[in-house]
Amino acid sequence: MLKKLWILFLFPILVNAQLFSPAKWSSSVKEVGQNEFEIEVTGKIDKGWHLYSMKHPDGGIGIPASASFKPAANAKLVGGTREVGKRIDKYSQIFEQDEKYYENQVKFVQKVKVSGDKPVNVSYTIEFQMCDAERCLPPDERSGTIKLTPSAKVEETKEEAKPADATEAKDTVAVNEITQDSVQEDSTAVVATTQDTIKKVDDSLLADNEKKNNGLLKIFSLGFLGGLAALLMPCIFPMIPLTVSMFTKQSKSKGEGVGKAFIYGLSIIVIYVALGLLATVIFGPSVLNEMSTNPWVNLAFFAIFIVFAISFFGAFELTLPSKWVNAADKGADKGGLIGIFFMAFTLALVSFSCTGPIIGSLLVQATQGGSRLSLIVGMFGFSLALAIPFTLFAMFPRWLNSMPKSGGWLNTIKVSLGFIELAFALKFLSNADLVWQMNWLPREIFLAFWIAIFIFLGLYLLGKFRLELDSPVQTIGVPRMLFALVSITFAVYMIPGLWGGPLKLLSGLTPPMTYSEAPRGFHEGVGGGQATAKFDDPNMVAGPHGIPAFKDFDKAAAYATKVGKPMLLDFTGHACANCRKVEERVWSDERVKKILAEDVVLVSLYVDEQTPLPESEQVFSKYLNNRVLKTVGNKWTSFEIEHFNANAQPYYILVDKDLNRFSKPLEAELDVEVYLKWLQDGIAKYKTK
């Protein structure tokens with residue numbers, strides 16, 4: 001009970017947290033001379049975000065800010081608007097352009113001179129764009145009116161947030177006020193939705209924690225697997241018996257040898273975790289996140305992974321400066337704990353040609369983890385896998401006799417990883433291509449590359465050809481044959497994708513079916529293409545998998561009333577990755593597809609649709625930062641916030657024309673059975689209303 005009361009007490013804050021805005025705006029005025037005033041509009045910027053300056057170059061990445069002030073007839077502007085704050089000017093290597101932006105805070109200051117002694121109202125509009133390291137929000141604006149009174153008494157006023165209808169203002173209460181931006185909610189609606197919102201907050205907090213924990217577990221597992229792969233590389237594997245034998249021979253007792261090996265393994269962990277910590281501190285998690293989303297960074301990863309692959313194929317070796325290795329080697333001669341630490345440090349430097357590409361792959365995975373700890377946890381898993389063998393073999397030296405001898409098989413593993421690095425390189429190129437819509441790698445070409453890569457890997461493992469550093473192969477072992485079988489089988493699995501096959505196991509890795517040379521495959525309706533059948537209503541369009549859909553609520557409501565079906569509201573976005581996952585993995589199921597096509601009216605409302613609204617529909621919205629709605633996306637974002645106190649995508653809910661609810665909201669649910677039951681239960685509830 002106390003927990004519920006505590007959450008209820010924080011309810012205004014929690015509601016506002018759903019209505020995400022990375023800047024809080026306020027306005028003030030001060031008299032600077034006889035009948036002269038300076039108006040200041042201040043934006044306090046959330047940590048990790050930045051707002052582009054009015055001086056930011058136009059035509060590149062990021063939209064420059066602009067500020068306009070309009071005084072009444074008995075006042076005039078003095079000079080132009082100036083920015084006040086610590087502006088950051090730097091050249092972006094990624095975007096190849098000069099950037100000018102503000103972090104933490106920015107002020108837009110305008111001087112106004114008033115004629116006469118009567119109060120004057122000055123309206124203002126600040127247009128701006130904000131970005132963090134992961135994404136850029138659509139251009140936004142803040143408008144308000146400030147009152148200037150020609151006297152010694154100077155008034156500070158809040159940013160205007162008054163609804164167009166004065167009667168409506170009388171019936172509203174403040175849910176939450178953040179500086180000068182207030183979000184008003186009807187008091188009756190607040191009471192009616194409190195319990196639903198509390199539960200939603202509980203569920204979202206639990207879900208966020210679960211996703212974060214799962215993400216860290218995933219990056220740890222990938223790091224550990226990467227460490228195991230590194231152990232089998234020719235730079236490290238021969239070092240295991242050599243290092244362990246040295247510990248055991250130089251120690252007076254078995255316990256001392258085990259202790260030295262333990263310290264050696266612990267030193268490996270400390271070195272790699274410290275490297276991950278250093279990278280996180282220098283770059284920060286926001287920059288790491290940018291690596292996973294920015295097309296230029298994806299192109300850089302493409303180039304890096306191509307270099308890694310060529311290196312693994314034996315064309316050249318990636319090495320660190322010899323001075324570093326020699327300095328570490330001298331430290332290893334000191335003996336004691338310091339000497340053991342430098343032995344581990346020497347191993348890290350010498351083995352870079354083998355571990356570097358694996359650590360690079362781990363870095364890429366860490367950028368997608370979204371947590372400050374991702375890279376550190378990944379490095380811990382990697383180093384733990386490297387450290388364990390040294391300690392175990394020191395504890396049980398007889399195991400050394402059962403280790404396979406070094407040989408050509410080590411280079412085979414290295415080359416095999418080169419093929420995998422090559423496949424991932426193409427994935428990064430595809431990411432950039434999808435963002436820019438350049439059609440470099442449509443689905444068919446991407447799959448053709450991957451099929452060729454994994455067929456070549458299979459043939460290589462079967463000894464059908466060898467590279468320069470490979471030893472001659474007379475026979476192949478069972479493990480090598482099995483891995484070749486897996487590689488060729490994987491290639492065969494992808495072949496139907498060339499003709500529109502869904503390839504659900506690769507959902508999210510390959511380009512979507514709509515980004516292909518034949519969106520419907522070589523046969524009508526295959527692979528989620530657009531249906532060619534005529535629809536019952538002229539306002540319907542073909543949604544995913546050809547499912548009839550509306551893109552306007554009012555038109556959908558009229559049709560749903562006529563046919564007597566509930567509406568499935570689908571708050572989505574063109575750039576919503578999780579929306580595409582649900583559509584590819586869940587909506588493609590024949591049972592789900594049938595229900596969506598026949599038993600409900602699908603209403604897909606795109607919150608990032610930039611089509612301008614007609615002037616007659618550009619109305620003031622108190623739900624979307626107290627501003628006039630100018631785009632179709634603004635309209636549906638405001639609609640979702642107003643009626644469901646949320647702005648998440650995807651966001652699914654079954655309703656009727658009056659927005660009576662017949663299901664709980666559902667977000668990115670990828671379990672087909674759960675999604676199917678949710679649909680069936682909601683439809684059944686609608687039929688019994």
Side-chain angles (χ1 to χ4, degrees), residues 211 293 430-431 433-435 437 442-443 446-447 496-497 500-516 518-521 523-533 535 540-553 556 566-609 632-633 636-637 640 646-655 663 665-680 682-683:
K211 290 178 181 177
T293 57
S430 175
N431 288 344
D433 181 37
L434 286 170
V435 172
Q437 296 288 297
R443 181 181 171 91
F446 180 91
L447 288 174
L503 305 182
K504 290 185 181 181
L505 292 179
L506 299 180
S507 178
L509 287 176
T510 62
M513 184 60 204
T514 53
Y515 197 74
S516 63
R520 289 192 297 272
H523 301 283
E524 291 294 330
V526 176
Q530 305 299 314
T532 58
F535 298 125
M540 282 182 173
V541 297
H545 311 288
I547 299 169
F550 285 88
K551 291 189 176 181
D552 181 273
F553 174 81
M567 291 184 290
L568 173 60
L569 296 189
D570 164 31
F571 290 99
T572 184
H574 296 295
C576 175
N578 284 333
C579 302
R580 304 294 87 76
K581 286 182 180 179
V582 173
E583 292 162 6
E584 291 177 11
R585 300 185 188 181
V586 180
W587 288 13
S588 60
D589 182 89
E590 290 300 326
R591 297 167 297 171
V592 175
K593 190 193 305 184
K594 187 175 186 297
I595 290 177
L596 296 179
E598 300 178 3
D599 299 332
V600 302
V601 176
L602 177 61
V603 192
S604 294
L605 305 176
Y606 287 80
V607 300
D608 57 359
E609 176 60 54
V632 172
W636 301 132
T637 300
E640 182 182 5
N647 63 352
Q649 292 86 44
Y651 189 89
Y652 307 104
I653 189 166
L654 283 162
V655 300
S663 69
L666 193 66
E667 296 186 2
E669 178 57 63
L670 299 180
D671 188 315
V672 173
E673 299 303 326
V674 172
Y675 200 97
L676 182 63
K677 187 176 188 305
W678 175 82
L679 279 175
Q680 292 170 338
I683 294 171

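The model shown is predicted, which means the values in this text are computed figures rather than measured ones.
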Please evaluate residues L679 and D599 with respect to the criterion side-chain contact (heavy atoms from CB on, under 4.5 Å), reporting the C-alpha separation (whole Å), side-chain torsions for both, the decisive distance (0.1 Å), and the verdict. CA-CA 10 Å; L679 279 175; D599 299 332; over 6 Å; no
Intermediate values then yes/no, side-chain contact (heavy atoms from CB on, under 4.5 Å), Y652 and E667: CA-CA 6 Å; Y652 307 104; E667 296 186 2; over 6 Å; no
Determine, stepwise, if the pair K551 / V632 fulfils side-chain contact (heavy atoms from CB on, under 4.5 Å). CA-CA 10 Å; K551 291 189 176 181; V632 172; over 6 Å; no
For T572 and V607: C-alpha separation, side-chain torsions, deciding distance, then whether side-chain contact (heavy atoms from CB on, under 4.5 Å) applies. CA-CA 6 Å; T572 184; V607 300; over 6 Å; no
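Side-chain contact between V582 and L670 is present, with heavy atoms from C-beta onward closer than 4.5 Å. Side-chain contact between L596 and H545: absent, with no pair of heavy atoms (C-beta onward) separated by less than 4.5 Å. Contact check for D570 versus F550: no side-chain heavy atoms found under the 4.5 Å cut-off. The side-chain heavy atoms of Q680 and I595, taken from C-beta on, include a pair separated by under 4.5 Å.
Here the closest non-hydrogen pair linking I653 and P665 is CD1-CG, 4.1 Å. Nearest heavy-atom pair, I683 versus P566, reported as atom, atom and distance to 0.1 Å: CG1-CG, 4.4 Å. The two residues E669 and V586 come nearest to each other via the heavy atoms O-CG2, 3.5 Å. Listed here is the closest heavy atom pair of G501 and R443: O-NH2, 2.6 Å.
Of the inter-residue distances, the one linking E598 atom CD with I547 atom CD1 reads 10.5 Å to the nearest 0.5 angstrom. Note that CH2 of W678 and CG of L654 are 4.5 Å apart. Values are rounded to the nearest 0.5 Å. Between the OG atom in S604 and the CG atom in L568 there is a gap of 8.0 Å [rounded to 0.5 Å]. Note that CZ of R585 is 12.0 Å distant from CG of D671, once rounded to the nearest 0.5 Å. Between the CH2 atom of W636 and the OH atom of Y606 there is a distance of 13.0 Å, given to the nearest 0.5 Å.
Every residue was checked against the salt bridge (charged side-chain N to carboxylate O under 4.0 Å, His left out) condition with E640, not counting sequence neighbours, and none meets it. Partners of W587 according to the side-chain hydrogen bond (donor to acceptor under 3.5 Å, both in side chains) rule, which considers only residues two or more places apart in sequence or in another chain, are Y675. Remark: P548 engages F535, M540, A597 in a side chain to side chain contact (heavy atoms under 4.5 Å, CB included) (not counting sequence neighbours). Legend: residues meeting side-chain hydrogen bond (donor to acceptor under 3.5 Å, both in side chains) with E673, ordered by chain and number and at least two apart, are R591.
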